[in-house]
Amino acid sequence: MIKGIKGVKDILPEETPRWRLIEETARRWAVLYGFHEIRVPIFEVTALFARSIGASTDIVEKEMYTFQDRDGTSITLRPEGTAGTVRAYIEHNRAADPLPQKYFYTGPMFRHERPQAGRLRQFHQFGVESFGVADPRADVEVIALLWRMLSDLKLPSMTLEINNLGYAADREAYRPQLVAFLKQREETLCGNCRRRIDANPLRVLDCKVPQCRAATEAAPRLADCLSEQARAHFGSVLGELEAIGIPYSLNHRLVRGLDYYCLTTFEVTSTSLGAQNAVGAGGRYDALVETLGGPVTPAVGFAVGVERMAMMLPLAASSSESASVYVAGFGDRGSAAGFSALEELRLAGIRAVTDFRSGSLKSHLRQADRLRSQFALIIGDDEVVKGSAILRDMETKVQQEVFLTSLSSQVSSLLRIS
RNA sequence: GUGGGUGUAGCUCAGCUGGUUAGAGCGCCGGAUUGUGGAUCCGGAGGUCGCGGGUUCGAAACCCGUCAUCCACCCCA
């Protein structure tokens with residue numbers, strides 16, 4: 001048997017209503033906040049991701065699905081959505097358009113990781129990117145959208161954590177202080193963190209190993225090295241969040257795994273998720289557009305994991321999609337008439353189904369019951385002779401005769417009454 | 001990449017310290033007087049016991065390997 005690829009899941013019909021609820025809710029809120037949908041390719045030239053996400057990040061180092069195109073160019077399945085959106089923004093010279101440049105996207109992302117609860121190799125994100133506005137209220141707008149969206153879905157036990165990463169120059173000033181501090185306690189750190197001291201010291205602060213946490217408790221804080229502008233920016237973000245009633249908690253250890261973030265970074269987690277507890281995350285990335293060859297453009301955005309949101313939504317929340325009419329045609333003439341009636345109802349916009357395998361009225365009604373149809377349209381040979389059919393209300397068992405010549409109009413009016 | 005758990009019917013699982021034709025519940029199909037569903041009763045279909053070796057008179061069970069899957073580390077959405 002040919003099976004699906006490891007870490008790549010089918011989303012079966014039982015689950016798709018839940019997915020649609022998530023996607024429709026996200027879309028509705030994004031539009032409400034003035035964002036417009038963009039659809040970018042799921043694969044790009046490898047260099048795009050390497051340059052934007054950061055060469056020394058885990059994603060680029062070991063998690064990308066990279067392969068050679070037929071002409072030898074290196075192609076990568078997108079591991080996240082920001083890089084492609086920024087590429088499109090630059091390529092189509094969207095900066096020349098004076099309208100607010102606010103985009104949202106949704107679709108599959110790919111990372112070669114070991115599958116786990118809430119972690120897949122093909123997973124889905126919904127994300128937004130807001131280009132061109134350095135004002136802290138742009139950060140708040142994006143965070144508010146994220147928070148309102150998740151609240152609307154009534155996801156349980158969510159917390160918003162936020163931190164200030166400052167500008168690149170701030171981090172350059174801070175880095176030697178942190179490295180010096182970490183080198184002193186190198187012995188107490190986990191192997192991973194020892195390697196990080198040189199590669200990406202900020203990440204040590206985000207390590208979950210208890211010894212590392214304890215060792216970095218007294219570490220110098222980035223917050224103390226921040227420039228006046230960085231502090232001011234973050235201060236207004238927090239102020240505006242309070243003004244519009246969005247609860248947050250400061251987390252000075254919060255360091256995102258992608259290199260392009262600066263100033264505001266945030267993450268929404270839930271305790272009801274398991275080990276992979278991040279529902280969504282994002283931040284400001286003022287240098288990325290320029291890094292990728294575009295004009296200097298401040299930007300801020302976030303992405304949420306659709307699977308992780310789905311995990312927290314009850315399966316029962318899915319709306320029923322049962323048909324209104326089950327057509328029970330039986331006998332030689334009856335089943336022929338039933339097949340015509342089925343098509344006629346559908347052309348009239350009535351959701352109608354049948355089961356071609358069923359030959360007896362009994363098995364038809366059993367199917368109608370199982371499919372939770374509102375009505376059964378019974379057509380046997382006797383009815384065909386009379387030029388009529390019987391419309392049975394499956395719940396009240398009330399039956400009514402309808403004429404085959406005016407079938408769809410009669411059925412629609414009866415459907416409207418019930 | 002590193003650990004640990006689990007692989008028996010479509011689904012959830014049982015199968016005692018190795019013993020004959022591998023089971024249950026749910027689901028599915030059919031029947032219980034002639035053309036009326038759900039409940040009940042009866043019957044039926046459906047399984048290379050993940051795969052490959054080995055031990056044994058005999059393996060679903062024990063051993064080795066392998067694959068898959070789940071959870072955790074790591075990392076992140």
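Lettering follows sequence order; numbering is per chain, from 1.
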*For nucleotides rG54(B) and rG15(B), find the distance between their P atoms and express it as a whole number of Å.*
29 Å
*What interatomic distance, in whole Å, is found between P of rU20(B) and the corresponding atom of rG58(B)?*
15 Å
*State, without any angle test, whether Ser360(A) and Ser363(A) hold a side-chain donor-acceptor pair at a distance under 3.5 Å.*
yes
_If you assign Ser363(A) and Gly4(A) each to the RNA chain B nucleotide with the nearest heavy atom, which residue ends up on the more 5' nucleotide?_
Ser363(A)
*Separation of the P atoms in rG23(B) and rG44(B), to the nearest angstrom*: 13 Å
_Just N and O in the side chain of Lys3(A): are any of them under 4.0 Å from OP1 or OP2 of rA68(B)?_
no
*Any N or O donor-acceptor pair linking the side chain of Glu383(A) to the base of rG35(B) at under 3.5 Å?*
yes
*Heavy atoms under 4.0 Å, any strand shown: does Glu63(A) hit a base, just sugar-phosphate, or nothing?*
sugar-phosphate
_Please determine whether a side-chain nitrogen of the Lys or Arg among Arg119(A) and Glu113(A) lies less than 4.0 Å from a carboxylate oxygen of the Asp or Glu._
yes
*Nearest to the side chain of Gln399(A), which nucleotide is it out of rC73(B), rC29(B), rU36(B)?*
rU36(B)
*Would you mind classifying the nucleic acid contact of Ala117(A) as base, sugar-phosphate or nothing, using non-hydrogen atoms under 4.0 angstrom?*
sugar-phosphate
_Euclidean distance for P, rU21(B) against rG25(B) (whole angstrom)_ = 23 Å
*Are the ring of Phe330(A) and the base ring of rG35(B) both nearer than 5.5 Å at their centres and tilted by less than 30°?*
no
*With sugar-phosphate meaning primed atoms plus P, OP1 and OP2, does Val306(A) contact a base, only sugar-phosphate, or nothing at under 4.0 Å between heavy atoms?*
nothing
*asked:* I want to check one thing: is the phosphate of rC70(B), taken as OP1 and OP2, less than 4.0 Å away from some side-chain N or O of Lys9(A)?
replied: yes
*asked:* Can you tell me whether the side chain of Arg308(A) and the base of rC76(B) have a donor-acceptor pair closer than 3.5 Å?
replied: yes
*For RNA chain B, whose closest nucleotide is more 5', that of Lys6(A) or that of Met394(A)?*
Met394(A)
*Rounded distance in Å between the C1' positions of rG1(B) and rU17(B)*: 40 Å
*Can you tell me if the side-chain N/O atoms of Arg114(A) get under 4.0 Å from OP1 or OP2 in rA68(B)?*
no
*Lys397(A) (side chain) and rG38(B) (base): donor-acceptor pair under 3.5 Å*: yes
*Is there a donor and acceptor pair, one atom on the side chain of Gln116(A) and one on the base of rC76(B), closer than 3.5 Å?*
no
*Judged by modelled atom types alone, do Arg78(A) and Tyr65(A) share a side-chain donor-acceptor pair under 3.5 Å?*
no
_Pairwise distance CD(Glu44(A)) to OG(Ser74(A)) - rounded to 0.5 angstrom_ = 12.5 Å
*Between Ser324(A) and Gln374(A): side-chain donor-acceptor atoms closer than 3.5 Å*: no
_Distance between P atoms of rC28(B) and rG65(B) (Å, rounded)_ = 43 Å
*Any donor-acceptor pair under 3.5 Å joining the side chain of Arg366(A) to the base of rG38(B)?*
no
*Output yes when Glu37(A) and Arg27(A) qualify as a salt bridge under the 4.0 Å nitrogen-oxygen rule, no when they do not.*
yes
*If you check the Gln276(A) side chain, which of rA77(B), rC76(B), rU2(B) turns out closest?*
rC76(B)
